[in-house]
Amino acid sequence: MPSVSKRILLVSSSGGVLLDLLALGPWWSRHQAVWAVVKAADSVSALAGQRVHWIREASIRRPIGLLTGLAQAWRIIRNERPQVVVSAGSAPAIAYFLFARALGIPTFWISTLNVLTTPGISAKICTRLTSRVLLQQSSMRDAHPNGIVIGELY
Amino acid sequence: MEVLVTVGMSAWPFDRLIRAIIPLCAEHRVFAQTGTSKVVPPCPHAPFVPHAELIERIRAADVVITHAGNTVRLVQRAGKVPIAVARTAQGEMANDHQVEYLLHEAHGGRVVAQWDLDLLPQAVAGHRAVEAQLIAERKLDQPAPAAHISALLDAEWDRLARNPFRDHPLRRYAYAWDELAGESGRHLDIGCSTGEFIGMLAATTPLDCHAVDPHPGYLRQVERDYPQIEVRHIATSGPLPYPERYFSSVSLLDVLEHCPSEDDLLREIRRVLAPGGLLVLTVPGRHPFSWLDPDNAKFRHKRLHRAIYSLRFGRDVYRERFIDRSNGLFGDMSIGKKEHTNYRRDWLVERLQAHGFKVTRQSGANLFWRWFQIPALLAGPRTRRFFERAIWLDGELFDRANFFFSARSEP
């Protein structure tokens with residue numbers, strides 16, 4: 001198993017999808033982790049002591065917000081030069097997965113715990129762009145036939 | 001009782017739940033995390049609470065009422081049974097996945113699904129007994145071991161980073177390598193051409209690599225450049241020169257469209273593949289720019305093709321490839337083949353299934369690449385590199401013009 005430390009960029013909204021990434025702590029804590037996360041009460045407290053870029057909330061229903069997030073995503077990716085980008089959601093991750101794809105950076109998309117069969121719009125976009133789809137629920141295999149079932153993270 | 005109410009961090013207000021807890025405030029010690037709701041409950045409350053504080057409050061509460069988000073599992077992991085209320089797509093969140101999740105979780109999991117909020121006070125009053133019963137009767141699956149998850153993520157990243165074709169303009173090679181890197185045993189590459197793929201596969205994986213092609217010149221080149229690969233000449237049609245079930249995997253990368261009969265070749269591949277063996281197949285797909293396929297120029301614009309090909313590679317090479325047909329080939333096409341086929345995805349899936357394959361993965365690449373491919377074929381080395389980069393980027397962003405399949409031979 002590789003022991004080389006990787007530069008990992010973890011992208012997340014606040015709430016449940018952040019819990020998925022926090023549960024990966026035993027993995028990302030062995031590497032050089034940097035976060036791009038929507039600022040909220042839970043994310044500020046949960047990521048105390050971590051290197052964090054606070055990013056704007058975005059929604060697929062507000063395309064203007066998605067566009068303004070593109071510039072911030074580009075700047076963070078160019079500055080941090082991650083070797084892998086990881087996210088479980090949601091809309092703010094789209095810009096990061098788009099640039100990662102265009103730059104040839106591997107990405108992992110994690111299907112969040114409580115989505116059982118039908119992914120949301122952001123998930124559909126990100127899973128089209130990602131290198132690997134990791135599923136917590138085997139019921140998501142129909143939506144993501146190429147997904148890897150990893151089991152529940154927490 | 002100590003009652004914790006939490007509606008998560010969503011930007012969508014969950015007014016229905018916050019209104020429903022108002023009667024509880026007179027009877028219990030309630031703390032409510034209210035989110036973006038403008039409803040003010042008559043109890044201590046805060047719009048959001050930090051993660052660590054939420055965990056502490058979950059542990060301290062006698063009853064936790066939560067929206068049917070990931071908090072349900074946090075409460076269960078704390079050894080409790082939550083009363084969960086699903087947000088709906090009617091202004092409480094973007095879709096109904098909480099409803100779906102709660103229906104599923106309530107079927108066999110440690111949760112009380114509260115659909116009728118008028119009955120919430122009764123549910124809280126009787127919760128201790130229900131909670132004890134559900135904990136006794138229903139098990140809670142453990143999360144996947146952290147070490148297992150870490151090893152899997154490292155292994156997947158390693159495979160992605162080690163892919164020697166990750167920057168290759170033609171994404172089919174990266175796809176095929178990714179599929180085959182985890183395999184072992186004998187591998188056959190049909191239509192190996194100059195050996196670009198099979199040579200790298202042999203050098204970077206433990207596979208015992210074999211290659212076949214109908215073009216003698218290609219085979220000589222592979223033998224010279226990759227002496228560790230066993231090569232054999234094959235005719236453009238007919239049986240493969242191997243016994244049944246000889247290979248554990250086969251690759252057929254943009255070759256099927258050159259062959260006289262797809263069915264005959266798939267039947268032969270099935271014969272030489274061991275049960276459960278892997279076939280990696282890539283083909284050009286039918287898409288809006290299929291009409292630009294330069295491999296069809298030799299059929300549709302013969303004079304123009306001869307002029308450009310002779311200019312690019314020389315008249316002798318043109319004569320050898322397109323006039324001398326002793327090897328059964330017209331260029332790289334089987335004699336008798338009238339077009340470089342661009343396939344429909346569902347037709348190929350159907351043919352694979354008809355020949356006893358189970359498709360395990362589908363992918364694709366490109367949309368606009370034909371616009372770059374033609375100038376890349378004609379350009380000098382520096383300009384070609386620019387067009388190849390454009391083809392690579394097009395392959396990263398789109399999946400309409402080339403189809404990739406992985407299929408297992410059914411036992």
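Just so it is clear, the values below take in all heavy atoms, side chains as well, and ignore hydrogens, waters and symmetry mates. So that the names make sense, note that chain A is the first sequence line, chain B the second, and so on, each numbered from 1.
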Which one, [options], leads in non-hydrogen pairs under 4.5 Å with chain B?
| options | result |
| --- | --- |
| A:Leu129, A:Val86, A:Val84 | A:Val84 |
| A:Thr117, A:Val115, A:Leu153, A:Thr112 | A:Thr117 |
| A:Leu18, A:Val17, A:Asp42 | A:Asp42 |
| A:Ser13, A:Gly151, A:Gly16, A:Gly120 | A:Gly16 |
| A:Ala23, A:Gly15, A:Ala102 | A:Ala102 |

What part of [X] gets closer than 4.5 Å to chain A, counting heavy atoms only: side chain, backbone, both or neither?
| X | result |
| --- | --- |
| B:Thr360 | backbone |
| B:Arg162 | neither |
| B:Asn163 | neither |
| B:Ala52 | backbone |
| B:Gln142 | neither |
| B:Ala11 | neither |
| B:Leu393 | side chain |

Should [X] and [Y] count as side-chain neighbours, where that means a heavy-atom distance under 4.5 Å?
| X | Y | result |
| --- | --- | --- |
| B:Val72 | A:Asn114 | no |
| A:Trp27 | B:Leu152 | no |
| B:Glu53 | A:Ser45 | no |
| A:Ile121 | B:Asn95 | no |

Considering all heavy atoms of both residues, which atom of [X] and which atom of [Y] are nearest to each other, and what is their separation?
| X | Y | value |
| --- | --- | --- |
| A:Ala40 | B:Met9 | CB-CE, 3.9 Å |
| A:Arg30 | B:Ser150 | NH2-CB, 3.6 Å |
| A:Leu116 | B:Glu100 | CD1-O, 3.8 Å |
| B:His51 | A:Ala46 | CB-CB, 3.9 Å |

Check the surroundings of atom [atom1] in [X]: do more than 12 heavy atoms from other residues, nucleotides or ligands lie under 6.0 Å from it?
| X | atom1 | value |
| --- | --- | --- |
| B:His104 | NE2 | no |
| A:Arg128 | CZ | no |
| B:Arg77 | CZ | yes |

inquiry  = Can you tell me how far apart OG1 (A:Thr107) and CG (B:Leu160) are? Round to the nearest 0.5 Å.
reply    = 8.0 Å
message = How long is the straight-line distance from CD of A:Glu152 back to CG of B:Asp141, given to the nearest 0.5 Å?
response = 6.5 Å
Under 4.5 Å from a heavy atom of chain B, the part of [X] involved:
| X | value |
| --- | --- |
| A:Tyr154 | both |
| A:Pro145 | backbone |
| A:Leu103 | backbone |
| A:Arg132 | side chain |
| A:Leu113 | both |

Looking at [Y], is its backbone amide N or carbonyl O close enough to the side chain of [X] to form a donor-acceptor pair, meaning the two atoms are under 3.5 Å apart?
| X | Y | result |
| --- | --- | --- |
| B:Arg166 | A:Gly104 | no |
| B:Trp157 | A:Gln83 | yes |
| B:Arg361 | A:Asn146 | no |

key: A:Leu134/B:Leu153 under side chain to side chain contact (heavy atoms under 4.5 Å, CB included): CA gap, chis, key distance, verdict   = CA-CA 9 Å; A:Leu134 306 173; B:Leu153 292 173; 3.3 Å; yes
request  = Flag the pair B:Arg73 and A:Asp20 as a salt bridge only when some basic side-chain nitrogen lies within less than 4.0 angstrom of an acidic carboxylate oxygen.
outcome  = no
